[in-house]
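Everything numeric here is computed off the predicted structure, so don't read it as measured data.
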Amino acid sequence: VAIGSPLAGGGNISLPTGNLSATTTFNVLAINATTGCDTQLSTTATVTVNPVLSVVASTPDNLICEDQTTSLLAVGAGGTSTYSYVWSGAGAGDLNFTNIANPVFTPTPTGAQVVYVFTVTVTDSFLPTACTSQSTVTITVDPIPDNSLALAAGALSICNGTSTTIDITASEAGVNYQLRNNVGNV
């Protein structure tokens, strides 16, 4: 089966194979441009094609609070094992390692919701040129309420069997506050 168009000789030439999806052995037909006489070259060339390499990135928790952690997971398949992994993206600096399959993400508190998109690149051990594949995973980090607000008892001393209030200075809109003692919710 002819592949591409014939190229004129006269020195070194390169005949493009097109994209390959399986190991293929090629032969070349030499055609005299003037007479049309042809012959198949006596040697062949085999191109070995690495099996398709893929990677899937995931996390057990796509939504966390900024005081929590979660792990990322990359699973490589196909290609030629052994695999190496590299994580990148805006939150990569908050990973415990960027060069392992399952790093831990501990976000830096920002006080605002942040959506992090992580990209993992897997590289296989195919020689002479390793193959790569990529996948992404998204983690949304929500802010926690400000925990530095000032608390004060409405009355510092009260009679037995009476109550007072615990006052919060500058409470945040959109945040509910639950009074607790050292044992649990009150």
Side-chain angles (χ1 to χ4, degrees), residues 1-33 35-110 112-142:
V1 174
I3 300 171
S5 300
L7 295 180
N12 294 336
I13 61 171
S14 296
L15 301 168
T17 65
N19 294 336
L20 302 177
S21 59
T23 297
T24 305
T25 299
F26 295 94
N27 57 47
V28 175
L29 184 65
I31 307 165
N32 184 304
T35 66
C37 295
D38 63 32
T39 186
Q40 183 171 301
L41 299 185
S42 60
T43 59
T44 60
T46 300
V47 177
T48 301
V49 176
N50 193 31
V52 173
L53 175 64
S54 65
V55 64
V56 175
S58 63
T59 180
D61 198 350
N62 291 83
L63 179 62
I64 63 171
C65 295
E66 65 186 0
D67 62 344
Q68 297 174 321
T69 64
T70 190
S71 59
L72 303 175
L73 178 62
V75 178
T80 302
S81 63
T82 306
Y83 308 118
S84 63
Y85 300 90
V86 176
W87 291 91
S88 60
D94 291 331
L95 297 174
N96 64 335
F97 296 99
T98 57
N99 62 347
I100 62 174
N102 58 339
V104 174
F105 175 54
T106 305
T108 300
T110 64
Q113 186 183 69
V114 180
V115 176
Y116 294 94
V117 178
F118 294 94
T119 300
V120 63
T121 302
V122 63
T123 304
D124 71 2
S125 56
F126 186 66
L127 295 176
T129 304
C131 299
T132 62
S133 182
Q134 291 185 326
S135 182
T136 60
V137 63
T138 301
I139 298 175
T140 300
V141 179
D142 285 331

Is I139 close to L72 at the side-chain level, that is, under 4.5 Å between some pair of heavy atoms? yes

Check whether any side-chain heavy atom of V122 lies under 4.5 Å from a side-chain heavy atom of V75, and answer yes or no. no

Test log, rule side chain to side chain contact (heavy atoms under 4.5 Å, CB included), inputs V28 and L15: CA-CA 9 Å; V28 175; L15 301 168; 4.0 Å; yes

Criterion side chain to side chain contact (heavy atoms under 4.5 Å, CB included) on V120 and V55, from CA distance to verdict: CA-CA 8 Å; V120 63; V55 64; 4.1 Å; yes

Tell me which pairs pass ring pair (Phe, Tyr, Trp, His ring centres under 6.0 Å) where either residue lies in residues 60-96, with sequence neighbours left out. none

Verdict with supporting geometry, T25 and T46, side-chain hydrogen bond (donor to acceptor under 3.5 Å, both in side chains): CA-CA 4 Å; T25 299; T46 300; 3.0 Å; yes

Nearest non-hydrogen partners of [X] and [Y], listed with the distance:
| X | Y | result |
| --- | --- | --- |
| T24 | A22 | OG1-O, 2.8 Å |
| E66 | P109 | OE1-CA, 3.3 Å |
| C65 | V141 | C-CG1, 4.1 Å |

Using the test ring pair (Phe, Tyr, Trp, His ring centres under 6.0 Å), find all partners of F97 that sit at least two apart in sequence or belong to another chain. none

Does the [X] side chain pair with the main chain of [Y], one donor and one acceptor, at a distance under 3.5 Å?
| X | Y | value |
| --- | --- | --- |
| N99 | S84 | no |
| D61 | I64 | no |
| D94 | T108 | yes |

In sequence, state the C-alpha distance, the side-chain angles, and the governing distance for F26 and L20, and then conclude on side chain to side chain contact (heavy atoms under 4.5 Å, CB included). CA-CA 12 Å; F26 295 94; L20 302 177; 3.9 Å; yes

From the list L95, T69, D67, N96, side chain to side chain contact (heavy atoms under 4.5 Å, CB included) partner of T106 resolves to T69

Which pairs count as side chain to side chain donor-acceptor pair (under 3.5 Å) when at least one residue sits in residues 119-137, sequence neighbours excluded? N50-D124, T121-Q134

Do T59 and T70 have side-chain atoms, one donor and one acceptor, less than 3.5 Å apart? yes

How long is the span from the [atom1] atom in [X] to the [atom2] atom in [Y], to the nearest 0.5 Å?
| X | Y | atom1 | atom2 | value |
| --- | --- | --- | --- | --- |
| T39 | L29 | OG1 | CG | 7.5 Å |
| F118 | S88 | CZ | OG | 9.5 Å |
| T48 | L127 | OG1 | CG | 11.5 Å |

For D142 and L63, run side chain to side chain contact (heavy atoms under 4.5 Å, CB included): C-alpha distance rounded to whole Å, both residues' side-chain angles, the deciding distance at 0.1 Å, then the answer. CA-CA 7 Å; D142 285 331; L63 179 62; 3.3 Å; yes

